[in-house]
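Read through the structure below, which is laid out as structure tokens, and then see the notes.
Sequence positions, counted from 1, serve as the residue numbers for this chain. From a predicted model like this one, the values you see are computed outputs, not experimental measurements.
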Amino acid sequence: MKKILVLHTGGTISMSENEAGEVIQNEQNPLLNLTHHFDFEIELVVEDIFNLPSPHIAPKHMLQLKKRIQKGVDEEGIDGVVITHGTDTLEETAYFLDLTLPNNLPVVLTGAMRSSNEIGSDGLHNFQSAILTAASDNAKNKGVLIVMNDEVHTARYVTKTHTTNVATFRTPTFGPIGLISKNRVHFFQELIAQTTAEVTELTEEVFLVKAYAGMSPLQFELLDHPKTKGVVIEALGAGNLPPQTLPAIQNLLDKNIPIVLVSRCFNGIAEDVYHYVGGGVELKEMGVIFCRGLNGQKARIKLLVGLSAGMQGDELAEFVNNATS
């Protein structure tokens, strides 16, 4: 019998709709009393590790989850992990764990887009699907997974694409790596590789900035602060910026503040293609690190993890730049 550690963290999957139609937190997670509905032989070790809406989740909570899972591996003989989580920041928590845990242990995150007492609530079904996935032998060596709406996605590339639709989680360009049908988990793709880092403490003050037409240098000038440890920029197109931002960016680089660049586009990767003022070629020559294939929030998590692991210089650039891990 598989032994699955279940960690509840809060979010819509644990909330209810009140008489006014507002979604509110419950004092107790309704999923705690529903596991008897599951018709499978899996031992569940259930714990409310915290009860927070996902906008309240911070890297310190992600690190707490990582340490709790590691304890389960080292001391409790668990075979897999399921984490219920609010959907707003679910992809960031999942990717943090993907970067800091070994991938031979199935770790699955899930949530809900409809609260527990709404018509068509998706929480219980997603929870059951996540448990089945975490108990699957085929879920090993695939990194941290997100299971929602009968699809299995990798933490590395999945993102929330709709504010309310139950099919909100999508993987641009690549699609899901697996599907769930009739209580069976079917995988169709594999990750190429995984890079992890050992993190015991966290570096704070890593910022995310989105580029836009006519962007001024002011945002980068404001980030010229002793506490700033790193900056991620969602750049235009293939990886370009308005020319007036370059002096302020160069000033940050001169102070050894790593700057990572991704594209603000939904699909595709950032590349040093264009050779004009503010183009990707010039940005790379300045020392900006290109992060290929990740969105801004994921790149921020990767930079934060690399810095927290003590990386710098070429080692940090290689860790952040690697498109397949």
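- Side-chain contact check for Leu283 versus Asp272: every heavy-atom pair is 4.5 Å or farther apart.
- Of the possible polar contacts, one joining the Asn126 side chain to the Asp122 backbone as a donor-acceptor pair under 3.5 Å is found.
- A salt bridge links Glu151 with Arg170: at least one charged nitrogen is closer than 4.0 Å to a carboxylate oxygen.
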Phe96/Ile57 under side chain to side chain contact (heavy atoms under 4.5 Å, CB included): CA gap, chis, key distance, verdict: CA-CA 12 Å; Phe96 178 93; Ile57 298 291; over 6 Å; no
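- Side chain to side chain, Asn183 and Gln128 meet the donor-acceptor criterion of an N or O pair below 3.5 Å.
- Between Lys66 and Glu198, at least one side-chain N (NZ, or NE/NH1/NH2) sits under 4.0 Å from a carboxylate O, which counts as a salt bridge.
- Partner of Ile301 under the side-chain contact (heavy atoms from CB on, under 4.5 Å) criterion, out of Leu99, Val206, Leu294: Leu99 alone.
- Side-chain atoms of Lys255 never come within 3.5 Å of backbone atoms of Pro226 as a donor-acceptor pair (strictly under, hydrogens ignored).
- With a 4.5 Å cut-off on side-chain heavy atoms, Asn295 and Val262 do not count as touching.
- Distance check: Leu303 CG to Thr203 OG1 gives 9.0 Å after rounding to the nearest 0.5 Å.
- Interatomic distance, CD of Glu190 versus OG1 of Thr154, reported as 11.5 Å (0.5 Å rounding).
- At a threshold of 4.5 Å between side-chain heavy atoms, the hydrophobic network of Ile, Leu, Val, Met, Phe, Trp and Tyr places Ile24 and Leu31 in two separate groups.
- Listed for the Thr168 side chain is a donor-acceptor partner under 3.5 Å among the backbone atoms of Thr161.
- In this structure the side chain of Lys71 reaches within 4.5 angstrom of the side chain of Glu76, judged on heavy atoms.
- No donor-acceptor pair under 3.5 Å is formed between the side chain of Arg114 and the backbone N or O of Val166.
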Is there a side chain to side chain contact (heavy atoms under 4.5 Å, CB included) between Leu97 and Leu65 once you walk through the steps? CA-CA 8 Å; Leu97 297 174; Leu65 283 168; 4.3 Å; yes
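- With rounding to the nearest 0.5 angstrom, the CE atom of Met1 is 9.5 Å from the CG atom of Leu44.
- Taking CD1 of Ile257 as the start and CZ of Phe207 as the end, the distance is 9.5 Å to the nearest 0.5 Å.
- Considering only heavy atoms from C-beta on, Leu90 stays 4.5 Å or farther from Ser54 through its side chain.
- Under the 3.5 Å distance criterion, with hydrogens and angles disregarded, no donor-acceptor pair is assigned to the side chains of Glu92 and Thr89.
- When side chains are defined from C-beta on, Thr196 does not count as touching Leu101, because their heavy atoms never get closer than 4.5 Å.
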Gln64 and Phe50: CA distance, side-chain angles, deciding distance, side chain to side chain contact (heavy atoms under 4.5 Å, CB included) verdict: CA-CA 10 Å; Gln64 184 179 345; Phe50 32 81; 3.8 Å; yes
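- Closest of all the heavy-atom pairs between Ser129 and Ile180 is CB-CD1, 3.5 Å.
- Within 6.0 Å of CG in Asp314 there are 12 or fewer heavy atoms belonging to other residues, nucleotides or ligands.
- Here the side chains of Ile83 and Ile69 are in contact, with some heavy-atom distance below 4.5 Å.
- More than 12 heavy atoms of other shown residues, nucleotides or ligands fall within 6.0 angstrom of atom CD in Glu205.
- Closest approach of Pro106 to Ala134, counting heavy atoms only: CB-O, 3.5 Å.
- Phe290 and Phe266 are not part of a single hydrophobic cluster, where members link through side-chain heavy atoms under 4.5 Å apart.
- No donor-acceptor pair closer than 3.5 Å links the side chain of Asn104 to the backbone N or O of Lys140.
- Taking all atoms of both residues into account, the shortest heavy-atom contact from Ala112 to Thr87 is O-CG2, 3.6 Å.
- Ala167 approaches Asn149 most closely through the heavy-atom pair CB-ND2, 3.4 Å.
- Note that CD of Gln297 and NZ of Lys160 are 11.5 Å apart. Values are rounded to the nearest 0.5 Å.
- Separation of atoms CZ (Phe220) and CD1 (Ile259) is listed at 7.0 Å; rounding is to 0.5 Å.
- In this structure, Glu201 places its CD atom where only 12 or fewer heavy-atom neighbours from other residues, nucleotides or ligands lie under 6.0 Å away.
- Looking at Val305 and Phe319, their side chains come closer than 4.5 Å, going by heavy atoms from C-beta outward.
- For the pair Lys302 and Tyr95, the NZ or CZ position fails the cation-pi test of under 6.0 Å to the six-membered ring centre and within 45 degrees of the ring normal.
- Considering all non-hydrogen atoms of both residues, Thr133 and Val147 come closest at OG1-CG2, 3.6 Å.
- Using a 4.0 Å cut-off between charged side-chain N and carboxylate O, Lys2 and Asp137 make a salt bridge.
- Hydrophobic clustering, with ILVMFWY side chains joined whenever heavy atoms are under 4.5 angstrom apart, keeps Ile233 apart from Ile289.
- Side-chain contact check for Ser115 and Ser16: no donor-acceptor pair (N or O, by modelled atom type) lies under 3.5 Å.
- Tyr274 and Tyr212 fall into different hydrophobic clusters, defined by Ile, Leu, Val, Met, Phe, Trp and Tyr side-chain heavy atoms under 4.5 Å apart, directly or through other members.
- A continuous path of ILVMFWY side-chain contacts below 4.5 Å connects Ile146 to Val107, so both sit in one hydrophobic cluster.
- With hydrogens and angles ignored, the 3.5 Å screen pairs no side-chain donor or acceptor of Lys142 with any backbone N or O of Gln189.
- Panel note: side chain Glu91, backbone Lys298; no donor-acceptor pair is recorded below 3.5 Å.
- In this structure, His8 has its ring center closer than 6.0 angstrom to the ring center of Phe127.
- In this structure, Ala309 and Ala197 approach most closely via the heavy-atom pair CB-CB, 3.9 Å.
- The closest side-chain heavy-atom distance from Pro53 to Met15 is below 4.5 Å.
- Between the side chain of Asn117 and the backbone N or O of Glu17 there is at least one donor-acceptor pair closer than 3.5 Å.
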Please test Met148 against Thr110 for side chain to side chain contact (heavy atoms under 4.5 Å, CB included), starting from the C-alpha separation and ending with a verdict. CA-CA 6 Å; Met148 295 276 291; Thr110 193; 3.7 Å; yes
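- Heavy atoms from other residues, nucleotides or ligands lying under 6.0 Å from NZ of Lys229 number more than 12.
- Checking His186 against Asn138 by side-chain atom types alone, no donor-acceptor pair falls below 3.5 Å.
- Remark: side-chain polar atoms of Asn51 are paired, donor with acceptor, to backbone N or O of Asn26 under 3.5 angstrom.
- Between Lys210 and Glu234 there is a salt bridge, with a side-chain nitrogen of the basic residue lying less than 4.0 Å from a carboxylate oxygen of the acidic one.
- The neighbour count for Glu47 CD, taken as heavy atoms of other residues, nucleotides or ligands under 6.0 Å away, is above 12.
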